[in-house]
> 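For reference, the structure I am asking about is given below.
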Amino acid sequence: MKTLTTIIFLLSYSFLSYSQPKTEFGINTEGSWFTPGPVDKYSESNRNGWGTGIGVYASRSIFWRLSADVGLAYRYKQMQQH
């Protein structure tokens, strides 16, 4: 009986110890190419431009393939006006 209990404990410990953490923190970066929408004939025309961004996030696993994410990001878009 003692041997069986020890084997079950070791197997359950190995399954639980190698699992992924439920909460994940990280940093994300992005690069983009954006195209502004149409402008009317009375305003200046806008050209396409580059955008960059950086942020932080936290992700929490809720159930199997379901997770919740929250984050904060900063984006910079370079719009050339002509």
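Numbers here are sequence positions counted from 1.
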> Any side-chain heavy atom of Lys77 sitting closer than 4.5 Å to one from Trp50?
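When only atoms from C-beta onward are counted, Trp50 and Lys77 do not touch, as no gap falls below 4.5 Å.
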
> For Ala58, check side-chain contact (heavy atoms from CB on, under 4.5 Å) against everything at least two apart and list the hits.
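Scan of Ala58 (side-chain contact (heavy atoms from CB on, under 4.5 Å), adjacent residues dropped) gives Phe25, Val70.
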
> Report the distance from atom OH of Tyr76 to atom CD1 of Ile54, rounding to the nearest 0.5 Å.
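If we round to the nearest 0.5 Å, Tyr76:OH and Ile54:CD1 are 15.5 Å apart.
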
> Step through the shown structure and confirm whether more than 12 heavy atoms of other residues, nucleotides or ligands are within 6.0 Å of CG on Leu66.
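Correct, the count exceeds 12.
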
> Can you confirm whether Ser59 sits close enough to Asp69 that some side-chain heavy atom of one is under 4.5 Å from a side-chain heavy atom of the other?
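Sidechains of Asp69 and Ser59: in contact.
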
> Got a sec, which residues hit salt bridge (charged side-chain N to carboxylate O under 4.0 Å, His left out) with Arg60, two or more places apart in sequence or on another chain?
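If we apply the salt bridge (charged side-chain N to carboxylate O under 4.0 Å, His left out) test to Arg60, skipping adjacent residues, there are no hits.
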
> Are Tyr74 and Val56 connected in the hydrophobic side-chain network, where two residues link if heavy atoms are under 4.5 Å apart?
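Not linked; separate clusters.
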
> Can you tell me if CD1 on Ile62 sees more than 12 non-hydrogen neighbours from other groups inside 6.0 Å?
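Yes, enclosed.
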
